[in-house]
Amino acid sequence: MTPRALLPICLALASVSCGGGGGGPPPPVPGPIACSEGIATPRAFPNLTFASPVAMKQAPADGSRWFVVEQGGLIRVFENDPDVAATQNFVDLRTRVHFSGEAGLLGLAFHPDFFTNGRVYLNFSELVGGVIRSVTAEFTSPDGGLTLDPGSERVLLTVAKPAANHNGGNVDFGPDRFLYVGLGDGGGSGDPNENAQNPNRLLGKMLRIDVDAQPGGAPYAIPGGATGNPFAANPLCNVDGTGVQPCPEIYALGLRNPWRWSFDRQNGDLWLGDVGQGSFEEIDIIERGGNYGWDTREGAHCFEPMTGCSTAGLIDPVAEYGRALGFSITGGHVYRGIQATQIAGRYVFADFGGMIASLAPDGIGGFAVEQLVEQGCTPPGASGALQIPSFAEDLDGELYVLDYGRGQIRQLDFTD
């Protein structure tokens, strides 16, 4: 097991160190402390619980329902009603998905034209011949979003992974209507296969593909032109995730484990939380063709070699934090909701250890991490700290957090 593995492995192997590359355990989580730092996290949908929830989405232009992704391979749908007491199965892929440690059903994206074409995109792990593979596939809903047909699966990307961790797995459509796929470096401490800096491999990258075009029978097209992917003219690197020249699916590179990321609904900026190795968690704004440094650097610090590494061509994170605040970043959203708060317009994110924070302007053109909830805080009515694998954003821009261990959904109420 790789130290600093992302959230589920730390739960599944709670007695084993999930600390940094140095081999030691993460700092102990403090005992119960009050969550009273300008934010409240009351339960939403208190009559519902979920098994290992890792994502929650609404379909485009439909605020009447929520879809919750359970890591084991089930997606459940329910009415957007605080008193709702029942869910239905949207799709059950538990016999298809390999659920172990960090592996499982990890990402969900609705096509922008979902209510006319019924298309949904999932990212999940599969085990074939003893090899774990990351799969991104298209499915179709035949009934307007009541169910998703497992038999409609059309595989887009299949990428072999050397280990079960560092999957990434988030998928979403950008404002350009292209599908973005975040893949981790494939696992192992310190990226032993040097995947993240290798443009001939898809691992450790942000990918961007056009699912609305299949030239010559290909599963997708590559965005080209002046704003196209940086290696758009090259042959596809599908199936095994390797190539003899830079892969055209790549939009950005140098990522360790881009677990959760999102687009700012106001200006389209792509904000990403990249899970660190042993010392630093980082936040990036992803640009076309950008190189974010792993594993030459962890955050803005040399990793290989430990000192004197070259920073030529590498983009600094816009913010980072160390072990004092958390140990596994959960990317979030720029808050564009309707609450009157000083947090409006700021990036709000979390750590799996329970810390919730925003990025406040530092007065010199950068950002400072401003805690809203400390690591280890215990919400009212709960028996322990939050374990936050993901945020959700509704159509009004309001934010929710998923609580992995308890299987609960909580909303963010800013009280400043």
Side-chain angles (χ1 to χ4, degrees), residues 6-9 11-12 48-60 65-78 86-111 114 117-161 163-173 179-184 187 207 209 211 219-220 238-239 241 259-260 389-390 392 402 404 407 409:
L6 188 62
L7 51 107
I9 198 79
L11 293 174
L48 301 179
T49 57
F50 301 89
S52 305
V54 292
M56 186 169 86
K57 295 281 186 75
Q58 289 184 321
R65 294 176 294 181
W66 283 104
F67 299 79
V68 170
V69 177
E70 296 183 340
Q71 189 184 356
L74 186 66
I75 300 180
R76 294 160 61 184
V77 59
F78 60 93
T87 70
Q88 291 77 45
N89 288 352
F90 182 55
V91 67
D92 188 347
L93 298 177
R94 286 176 289 187
T95 60
R96 175 86 167 84
V97 168
H98 177 62
F99 176 28
S100 176
E102 292 180 29
L105 180 56
L106 303 176
L108 161 69
F110 292 92
H111 191 281
F114 171 69
N117 62 28
R119 286 153 55 185
V120 173
Y121 298 82
L122 304 179
N123 179 274
F124 55 88
S125 309
E126 68 175 0
L127 185 64
V128 178
V131 177
I132 295 176
R133 306 197 301 186
S134 173
V135 178
T136 303
E138 175 189 280
F139 296 80
T140 302
S141 173
D143 48 23
L146 296 177
T147 62
L148 198 62
D149 178 12
S152 67
E153 179 180 354
R154 183 173 73 92
V155 174
L156 303 178
L157 277 166
T158 306
V159 183
K161 296 181 71 275
N165 58 352
H166 303 183
N167 297 281
N170 196 32
V171 291
D172 205 358
F173 282 87
L179 182 67
Y180 289 69
V181 182
L183 295 184
L207 312 179
I209 59 177
V211 299
Y220 50 80
N238 200 351
V239 183
W259 170 243
R260 289 294 179 253
S390 190
L402 280 61
Y404 184 88
I409 310 300

Here the gap from Glu70 atom CD to Thr87 atom OG1, rounded to the nearest 0.5 Å, amounts to 7.5 Å
Got a donor-acceptor contact below 3.5 angstrom from the Asn167 side chain to the Gly169 backbone?
no
Looking at Ala55 and Ser390, what are the two nearest heavy atoms and their distance?
CA-OG, 4.0 Å
Could you measure the distance from the CG atom of Asn89 to the CG atom of Leu146? Nearest 0.5 Å is fine.
12.5 Å
Can you give me the closest heavy-atom contact between Ala163 and Gly187, atom names plus distance?
CB-CA, 3.9 Å
Tell me the closest heavy-atom pair linking Phe114 and Gly145, and the distance in Å.
CZ-CA, 3.7 Å
Side-chain contact test, heavy atoms from C-beta onward, threshold under 4.5 Å: evaluate it for Asn123 versus Ser134 and give yes or no.
yes
Indicate yes or no: at least one non-hydrogen side-chain atom of Phe139 is less than 4.5 angstrom from one of Val91.
no
Would a 4.5 Å heavy-atom cut-off, applied to side chains only, mark Val135 and Phe124 as touching?
yes
From Phe99 CZ over to Leu127 CG, what is the distance, rounded to the nearest 0.5 angstrom?
14.5 Å
Value for CG (Leu207) from CG (Leu156), rounded to nearest 0.5 Å, stands at 11.5 Å
Let me confirm one number: the OH-CD distance from Tyr404 to Gln71, rounded to the nearest 0.5 Å.
4.0 Å
If you take all heavy atoms of Pro389 and Leu402, which pair is closest and at what distance?
CD-O, 3.0 Å
For a quick test of reading the model, state the closest non-hydrogen atom pair linking Val68 to Pro53 and the distance between them.
CG1-CB, 4.0 Å
Within-4.5 Å side-chain heavy-atom neighbours: Leu106 and Trp259:
yes
Evaluation steps, side chain to side chain contact (heavy atoms under 4.5 Å, CB included), between Gln58 and Trp66:
CA-CA 5 Å; Gln58 289 184 321; Trp66 283 104; 3.4 Å; yes
Leu148 side chain reached by Leu122 side chain, heavy atoms, under 4.5 Å:
yes
Is any side-chain heavy atom of Phe50 closer than 4.5 Å to one of Phe78?
yes
Return the minimal non-hydrogen interatomic distance between Ala392 and Met56, and the atom names on each side.
CB-O, 3.4 Å
Verify, without hydrogens or angle tests, whether Arg260 (side chain) and Val54 (backbone) share a donor-acceptor contact under 3.5 angstrom.
yes
Parallel, tilted or perpendicular: which describes the rings of Phe110 and Phe90, with under 30° parallel and over 60° perpendicular?
tilted
Measuring from atom CD of Glu126 to atom CD1 of Ile132, what distance do you get when rounded to the nearest 0.5 angstrom?
10.5 Å
State, with a plain yes or no, whether a side-chain heavy atom of Ile75 is found less than 4.5 Å away from one of Leu105.
yes
Parallel, tilted or perpendicular: ring planes of His111 versus Tyr121, cut at 30 and 60 degrees:
tilted
Mind checking whether Asp149 and Thr140 have side chains closer than 4.5 Å, heavy atoms only?
no
